[in-house]
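Reviewing the structure listed below.
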Amino acid sequence: MSTSNELESLKQFPKPPKETAISGAEPTMVLGNFVKLEEIGSKYIYVYLIEITNSDSLAETQQVQEPDLRQQIFASAQKAKPLSKLVFDGREYAYAAKPLHKKLNWTDGESRFTASLKIDETDCQFNVTIKAHRTYDVKMLKKYCWGASDIPQAYVQGAVFALDSIIRSCSFPSMQVVSGRKLFPKYKVTTNAGFDAWWEYRMSVRMARREIYLTISARAVPVITAQTVSEMAQVFFKKRQWTDKPQQQGKRDVRWAKFEPCVRGLQVMVDGNQMMLNGLTARTASELQIDGKSLAEYYQQFAGIEQMDATWPCAITGRDNRPVPLCLCKLEPQVLSGISGWQRDKLMDLSVLNPEMRQQLLNVAAQELSDACNSDPNLLAFGIRTEPTLASIPAQVLPRPQMRMGLKDNSEQAAVGDNGEWKMKHVQQSCSGLKSWAVVVFASKQQCSESQTRAFVLQLIKTMTQLQIPVEATQPRIYHASLQKPIAKTLQTITQSFKDGHVQLLICVLPSHNQAIYGEIKRVAWVQLGVQTQCVLMQRVQGGHRPKLLEHLALKINTKLGGFTADPLLPDQPQPPTIIVSADVCHTTEARVSVASIVWSIDLQAQRFAGSIVQHPEHQEIIENMDAIIRHALRSFYQHTGKKPVRILYFRDGVSDSQLEYVKQVELGAIIRGCALIEPLFRPQITVIIARKRHFARFMLPKANCPLGTVVMQMAHPQILSFYLIAHHAQRGVAKPVYFMVLHDEVFSTSLDQLYQLTYRLCFAYPIVTRVVTMPAPLYYAHRLSGKGRMQINSPFDELSRSQASSANAKPASTTPNIHLVPVHERLADTMYFL
């Protein structure tokens, strides 16, 4: 390929196939959380730029920034008849189905209005300026869905954003606005966590192949309904089935300690005044004194409160922390903004809906949206109509592969069940043998005795032996270490006690989930000592030794030491040497850096991977210095296989639509340059695949999840080769597909069936579990390496360095680029230490 043609190909994306049938796949129909956009009656969408400034002569003229306030001001200005036809998104733009040029008085391309709004009992005046911005032709969107390639991507994104704003502005019959959010109380759930779960629907326009759809997603929102705090407490205690018998712990009933986080920070009305509820008193209303009387007697005498439980605490309200009886604190309907950990867990549990319940919720939203198209003035003005039911979408189910275990000369096959799991008899390839290892317990012998540790070790050795993982040292050394001493010194002393100062594996028993301790162990082992580590919680060692946990630990240890679990059987036809490269970027919170990870296969079966970490400036998504990393990866592949790769498959995670072109030009160009650094004429075939997990698309059967290997193409990008894949089995809720987009393809251009099959089979190749996972294993490797790679940056990784990093966040970011490779010990360089 000539240089000019190659540069031109970098600017183009592969087109979707005209023939979507996959060889060997079974066709089926699935339901999606989409409704078809039947009609957009308006030919054009006119976009106007809105500027809102204060008109106070005594104050400096400035823009009003708050979206809610801007919406209120614009609503006041819409009393003028020409503006009543505009749909304002609350930010910058307003939309109209017909041009306003003849209905407004324009001066220098602008039209000005004055709006008045009462804020804090004060009448405020604002200036609203309208400017014509641009016009979108609706026919262009339909042509784009049918494959027209002459329509700019920015034009389509702008039009889709306009449609999103118009549709989200509509009102449904059963909708209620609570704390500025449009919520639906239908199917609400009353919880024992101090709130009711209402439902919020998110709708967005989806450009699919040959059609325009609306994506509808539902999530639970914690809502406090109109009631007094005492009524809320009664429901809270009743739901938890607590008796009225006091359970004293010090001065407060322990029930109130659980209830207090549910009400702290809420807005309450007391005697017509809005106040914040800061907490609950430690003493009851009968114990608190005011003017020589108990607070209960005071309010019964002067406020006329007859029914008041004097054994309950009072609310601490307002800036002066005034105690007020709970029955006088009235709650207005509001959304809980700050919820505690156990409340958040409860909300997450409610949001995980089975397919049947989710379809019921989505069908309600689809029907109400269809009805709103006949009543809502904004939707009527643009002639928008939607179908009243969820879309039925064609899909295909790929055949499941057989899993191969054991060596090729004596291999066995295991069938994959409907739940995506297979029975593990023994690993396909074991490590060379566990010869030197030790167990380090970061606790005293009183907390975790040596007999408990020894029993755990014996069970682990038994599990590894059953999986045919050789363990030569059956009596590993057990050390008890104190966290009061430096972790680096402790681990260094232990490793030096072995012959030649080298130990294969350290099993570290930790007393609790402590990120600082865990990070420091990994940093010392990876950067200074070059030792594989496996951390285990102390409660796992002390408690019952679950077979699943022991099997999981055995598989992780085997993989870290050079073995492999199992792999899906590939077609018998010979495959040319292929290197699989995967990359991900993690944006850390401990320091002002981002961590990019690149992993690559170092064998012909794509079972063993190595990786590198690049430190980037904060929030940088594009990977720098990738040409040098690719050169290193190609050399590593050749050293282990003795062959040059003919094909390069590059999987990339976490790229948004706005970054697609830039990622392709920068990172694909870096891969090509990296190949040229090996030899000037060395140019293997390259395919770039983007994997995306952050989306709202869901697919399901009428009363169940989609089967493993379901591929959906109709809802994918109309201009780019892309598809949704449900590879895994969802144990709870609806399975979330992974969205794959092919930005550049030189490998599968003649047979796309191999693309779908290979992507699906790589989901079976994650070696530390015995089930199919959500996305291809190389993407998991890159994700784990980027997440754990930040531990190699901090030196040392402890509470002090974390506090220093937090204080550094307050300082201005340095303008000097901070891009460099993060080191790892040479003994771990070609291992999968990051699992």
Side-chain angles (χ1 to χ4, degrees), residues 13-14 578-589 593-601 606 609-616 618-626 629-630 633 648-671 686-697 716-717 720-728 735-745 747 755-756 758-769 772-790 822 832 834-835:
F13 295 119
T578 303
I579 182 173
I580 298 180
V581 183
S582 183
D584 192 13
V585 179
C586 174
H587 306 290
T588 69
T589 56
V593 295
S594 293
V595 178
S597 65
I598 301 95
V599 299
W600 59 88
S601 58
F609 279 74
S612 289
I613 299 172
V614 183
Q615 179 176 319
H616 278 174
E618 189 179 21
H619 301 314
Q620 178 172 320
E621 185 66 35
I622 307 301
I623 301 176
E624 302 283 351
N625 291 351
M626 196 165 179
I629 298 175
I630 291 297
I648 298 177
L649 303 184
Y650 178 51
F651 287 92
R652 180 68 156 88
D653 192 8
V655 178
S656 63
D657 283 340
S658 60
Q659 297 172 321
L660 291 179
E661 279 190 41
Y662 192 49
V663 166
K664 179 178 179 180
Q665 292 179 7
V666 174
E667 297 183 11
L668 176 58
I671 294 174
I686 303 173
T687 290
V688 179
I689 303 173
I690 301 296
R692 189 178 297 169
K693 305 181 294 293
R694 295 184 180 180
H695 58 77
F696 295 96
H717 200 287
I720 301 176
L721 173 59
S722 52
F723 59 95
Y724 289 95
L725 172 64
I726 303 175
H728 68 294
K736 184 177 182 178
V738 177
Y739 183 42
F740 295 94
M741 304 180 72
V742 183
L743 300 191
H744 184 79
D745 183 31
V747 176
L755 168 65
Y756 307 128
L758 178 63
T759 305
Y760 181 42
R761 289 175 184 271
L762 285 174
C763 298
F764 289 80
Y766 197 44
I768 62 176
V769 293
V772 61
V773 292
T774 306
M775 56 185 180
L779 285 167
Y780 270 107
Y781 301 151
H783 179 70
R784 289 183 72 100
L785 183 56
S786 64
K788 292 188 174 183
R790 59 191 176 85
V822 180
M832 302 175 73
F834 43 82
L835 288 181

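Residues: numbered from 1 along the sequence shown. All values below come from the heavy atoms of this structure, side chains included, with hydrogens, waters and symmetry mates left out.
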May I ask you to test the [X]-[Y] pair for a side-chain heavy-atom distance under 4.5 Å?
X	Y	answer
Pro776	Thr759	yes
Val738	Leu779	no
Thr774	Tyr780	yes

For the atom pair [atom1] ([X]) and [atom2] ([Y]), what is the distance rounded to the nearest 0.5 Å?
X	Y	atom1	atom2	result
Leu660	Arg652	CG	CZ	10.5 Å
Ile689	Ile580	CD1	CD1	9.0 Å
Tyr650	Met626	OH	CE	3.0 Å
Tyr781	Phe651	OH	CZ	12.5 Å
Ile768	Met832	CD1	CE	8.5 Å
Leu668	Thr687	CG	OG1	9.5 Å

What pair of heavy atoms forms the shortest contact from [X] to [Y], and how long is it?
X	Y	answer
Ile622	Glu667	CA-OE2, 3.9 Å
Ser656	Arg692	C-NH2, 3.5 Å
Ala697	Pro737	O-CD, 3.4 Å
Arg784	Phe834	NE-O, 3.5 Å
Asp745	Pro14	N-CG, 3.9 Å
Ile623	Val585	CG1-CG2, 3.9 Å

For a side chain to side chain donor-acceptor pair (under 3.5 Å) check, start with the C-alpha distance between His616 and Glu621, then their side-chain angles and the critical distance, and finish with the verdict. CA-CA 9 Å; His616 278 174; Glu621 185 66 35; over 6 Å; no
List the steps, then state whether side-chain contact (heavy atoms from CB on, under 4.5 Å) holds for Leu649 with Leu758. CA-CA 11 Å; Leu649 303 184; Leu758 178 63; 3.2 Å; yes
Of Tyr756, Tyr739, Phe740, the residue whose pairing with Leu725 passes side-chain contact (heavy atoms from CB on, under 4.5 Å): Phe740
The single option from Val655, Asp653, Ile720 passing side-chain contact (heavy atoms from CB on, under 4.5 Å) against Ile690: Val655
Before giving the answer on side-chain contact (heavy atoms from CB on, under 4.5 Å), spell out for Val581 and Ile671 the whole-Å C-alpha distance, their side-chain angles and the decisive distance to 0.1 Å. CA-CA 10 Å; Val581 183; Ile671 294 174; 6.0 Å; no
Donor-acceptor pair, Ser722 side chain versus Ala716 backbone, under 3.5 Å? no
Hey, does the side chain of Ser786 reach the backbone of Ser597 with a donor-acceptor pair shorter than 3.5 angstrom? no
Assess the pair His695 and Tyr724: is the distance between their ring centroids shorter than 6.0 Å? yes
